[in-house]
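The structure appears below as structure tokens.
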Amino acid sequence: MSGNPYKFNFKSIDDIKSRARELNLNIGFSDNYGVLSKKVEIQPGFILKNALSVHPMEAFDGEPDGSPGELTIRRYKRFAGSGAGLIWFEAVAVQSDAKTSPRQLMISENNIDKFKRLVETIKNIAGEDTKIIIQLTHSGRFSKPPVITRHNNTLNARMNLDPDVYKCVSDDYLKQVEDNFESAARLSQEAGFDGVDIKACHTYLFDELLCAFERGGEYGGSYENRTRIFKNTIKRVKNILASSESSPVIASRFGLSHVIAYPDGFATDENGEPDLTESIRLLGEINQLGVNLINITMGTPYYNPHINRPYVTNVGGAISPSDPLVNLSKFINHVANVQKIYPGMTFVGAGYSYLRQFALNAAAYSVENNLAKVIGFGRGAFAYENFARDMLNGFMDSKKCCLTCSKCTEIMRAGGTAGCPIRDVEVYMPVYKKYVAKT
């Protein structure tokens with residue numbers, strides 16, 4: 001990482017504060033760790049035992065039929081033992097052509113028992129009071145092969161996609177996707193998940209349609225059409241889950257802005273800066289439909305990962321195009337903005353792994369000051385097995401923290417099973433060497 005102007009050189013919180021002052025940033029830190037242990041009520045009957053969460057982090061270690069594999073089960077046992085009050089289960093495809101990898105999880109009638117056993121395993125380790133949200137997804141243009149809902153010059157160029165080869169799917173296809181989300185939600189309920197996430201972020205299918213300004217038909221053009229599949233699916237899932245006395249909550253991993261210039265991005269102006277007018281409106285509308293829990297993100301990891309996932313180095317050793325501390329500050333304050341607008345909703349903050357052991361103090365400050373009600377860790381949960389237990393005790397071990405080196409992502413992009421080769425060496429360093437280092 002020589003030559004990297006953004007190498008993580010902070011030895012103390014004072015070092016971070018000094019750099020923040022230089023950059024005119026607003027990042028707070030607190031020693032009031034007790035706020036992280038307080039219960040968080042999402043809605044009546046659905047209460048988190050603390051304010052820490054595992055983010056949805058797929059590792060592409062499932063079986064060919066979409067059921068959890070050996071490494072999947074190992075990961076969730078680790079997450080279950082982390083001490084987090086919420087485990088946001090990774091992206092699970094709702095149909096076979098919606099997968100970004102042949103080894104991505106997919107729930108079906110044929111493997112529901114395996115998902116049920118995994119949920120039971122998590123609960124046995126973490127306790128019945130730990131909540132588990134399953135993220136249902138259609139990967140859209142990132143499926144293999146790509147499923148395109150609208151052609152996007154920015155992402156087409158990045159992905160080298162020819163519009164003449166990859167045609168946009170029909171409205172009838174999208175209506176079938178709604179059906180499949182509904183079916184997958186019913187299966188998720190049967191498997192014992194406490195909540196269902198209707199995923200709309202990172203320019204996957206639902207999220208891509210939010211910026212389908214030039215698409216015709218029922219799912220493109222006007223705001224009402226562009227948000228149709230997302231809101232329709234929420235309504236349908238709510239309806240099918242409500243038939244049970246203990247119906248799961250409906251949540252969403254929601255992209256606040258693509259941070260890609262209009263017209264290629266949602267909630268972004270022509271200069272590529274976030275314009276949250278539509279996303280704030282949409283958050284209010286889905287809240288009226290019964291969605292009270294939102295896991296906020298921004299950008300897309302396939303184009304601008306520094307926006308929501310500040311890093312020291314990215315895939316292939318790429319340096320962040322801007323100071324990670326700037327990116328983190330912007331992200332924290334965007335989440336704080338929507339939390340302030342919708343105080344009755346629960347927003348999960350992200351990006352804190354970049355701060356390593358000082359994430360404890362930043363998380364405490366954010367919860368204490370209601371910048372977010374829950375703080376989630378993705379890369380950090382891969383790396384630090386008992387991160388939440390330590391945080392709840394007011395401590396983080398710098399030797400266990402994520403280094404934001406992106407080696408987990410490198411493995412995934414190279415076709416391997418993702419994990420942390422630095423902190424979980426025995427299992428994932430051989431994988432890293434096989435798929436990335438090739439030594």
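Note that the coordinates shown come from a computational prediction; the quantities given were computed from them, not determined experimentally.
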Practice task
Report the C-alpha distance between L136 and I134 in whole Å, list the side-chain angles of each, state the deciding distance to 0.1 Å, and finish with yes or no for side-chain contact (heavy atoms from CB on, under 4.5 Å).
Solution key: CA-CA 6 Å; L136 299 181; I134 184 172; 4.0 Å; yes
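- In plain terms, the two heavy atoms of Q135 and P56 that are nearest each other are NE2-CG, 3.4 Å.
- A search for side-chain contact (heavy atoms from CB on, under 4.5 Å) contacts involving E208 returns R141, T149, R150, not counting sequence neighbours.
- Here salt bridge (Lys or Arg N to Asp or Glu O under 4.0 Å) pairs that include residues 285-301, with residues two or more places apart or in two chains, are K231-E285, R281-E285.
- Considering T137, T297, I296 as possible partners of C201, the one that fulfils the side chain to side chain contact (heavy atoms under 4.5 Å, CB included) test is T297.
- Sorted pairs that involve residues 321-350 and meet ring pair (Phe, Tyr, Trp, His ring centres under 6.0 Å), not counting sequence neighbours, are lacking altogether.
- Side-chain N or O atoms of D61 include none that pairs as donor or acceptor with a backbone N or O of G69 at under 3.5 Å.
- Looking at Y428 and L71, their side chains come closer than 4.5 Å, going by heavy atoms from C-beta outward.
- With E41 as reference, I47 is the one residue of T346, N292, I47, L48 to meet the side chain to side chain contact (heavy atoms under 4.5 Å, CB included) rule.
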What donor-acceptor contacts under 3.5 angstrom involve side-chain atoms of residues 413-426, with partners at least two apart or in another chain?
unit_1, atom_1, unit_2, atom_2, d
R413, NH2, P301, O, 3.3
R423, NE, K399, O, 3.4
R423, NE, C401, O, 2.8
R423, NH1, K399, O, 2.8
R423, NH2, S398, O, 3.2
R423, NH2, C401, O, 3.0
D424, OD1, R74, NH2, 3.0
D424, OD2, R74, NH1, 2.8
D424, OD2, R74, NH2, 3.3

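- No side-chain heavy atom of D15 sits under 4.5 Å from any side-chain heavy atom of N9.
- For residues 20-34, the salt bridge (Lys or Arg N to Asp or Glu O under 4.0 Å) pairs, not counting sequence neighbours, are R19-E22.
- Under the 4.5 Å side-chain criterion, counting only non-hydrogen atoms from C-beta, T130 is in contact with K49.
- Applying the side-chain contact (heavy atoms from CB on, under 4.5 Å) criterion to A98, with sequence neighbours excluded, gives A93, Q95, H138.
- Identified under the side-chain hydrogen bond (donor to acceptor under 3.5 Å, both in side chains) test for residues 114-123, with sequence neighbours left out: K123-D194.
- By the side-chain contact (heavy atoms from CB on, under 4.5 Å) test, I27 pairs with F29, L325, S329, sequence neighbours left out.
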Practice task
Just do the side-chain contact (heavy atoms from CB on, under 4.5 Å) check on N32 and Y365 with the steps written out, would you?
Solution key: CA-CA 7 Å; N32 184 15; Y365 181 89; over 6 Å; no
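- The aromatic rings of Y302 and F142 lie parallel to each other, their planes meeting at an angle below 30°, with 60° marking the opposite boundary.
- Side-chain contact check for T203 versus H258: some heavy-atom pair is nearer than 4.5 Å.
- Counting only heavy atoms from C-beta outward, the side chains of F10 and L355 never approach each other to under 4.5 Å.
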Extract all donor-acceptor atom pairs below 3.5 Å that involve side chains of residues 267-274 and protein atoms in other chains or at least two apart in sequence.
unit_1, atom_1, unit_2, atom_2, d
T268, OG1, S257, OG, 3.0
T268, OG1, V259, N, 3.1
T268, OG1, F266, O, 2.9
D269, OD1, N271, N, 2.8
D269, OD1, G272, N, 3.0
D269, OD1, E273, N, 2.9

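- A heavy-atom distance below 4.5 Å is not found between the side chains of F230 and L209.
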Donor-acceptor contacts, no H, no angles, side chain residues 380-392, under 3.5 Å, sequence neighbours left out:
unit_1, atom_1, unit_2, atom_2, d
Y384, OH, D390, OD2, 2.5
Y384, OH, D397, N, 2.8
E385, OE1, R78, NH1, 3.4
R389, NE, G81, O, 2.8

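- Looking only at atom types and distance, the side chain of S322 has a donor-acceptor partner in the side chain of N327 under 3.5 Å away.
- Counted by atom type alone, D275 and T277 present one or more donor-acceptor pairs between their side chains at under 3.5 Å.
- No donor-acceptor contact under 3.5 angstrom links the side chains of T409 and Y311, judged on distance only.
- The nearest pair of heavy atoms linking I332 to S366 is CG2-OG, 4.2 Å.
- Between F254 and V291 the shortest side-chain heavy-atom distance does not fall below 4.5 Å.
- Between Y262 and F213, the two ring planes are perpendicular [angle over 60°; tilted spans 30° to 60°].
- Applying the ring pair (Phe, Tyr, Trp, His ring centres under 6.0 Å) test to pairs two or more places apart or on separate chains, those with a residue in residues 40-80 are Y76-F79, Y76-F89.
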Exercise for the section: Please lay out, stage by stage, how L282 and L210 fare under the test side-chain contact (heavy atoms from CB on, under 4.5 Å). Expected result: CA-CA 10 Å; L282 183 53; L210 294 179; 3.9 Å; yes
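- A 4.5 Å side-chain heavy-atom check between I133 and V249 finds at least one atom pair inside the cut-off.
- For S18, there are no side-chain hydrogen bond (donor to acceptor under 3.5 Å, both in side chains) partners at least two apart in sequence or on another chain.
- H151 and N156 share a donor-acceptor pair across their side chains, judged by distance under 3.5 Å alone.
- W88 and D197 share a side-chain donor-acceptor pair at under 3.5 Å.
- For N152 (side chain) and D264 (main-chain N/O), a donor-acceptor pair under 3.5 Å exists by modelled atom type.
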Problem - Working for side chain to side chain donor-acceptor pair (under 3.5 Å), residues D65 and S67 - result: CA-CA 6 Å; D65 70 343; S67 59; 2.6 Å; yes
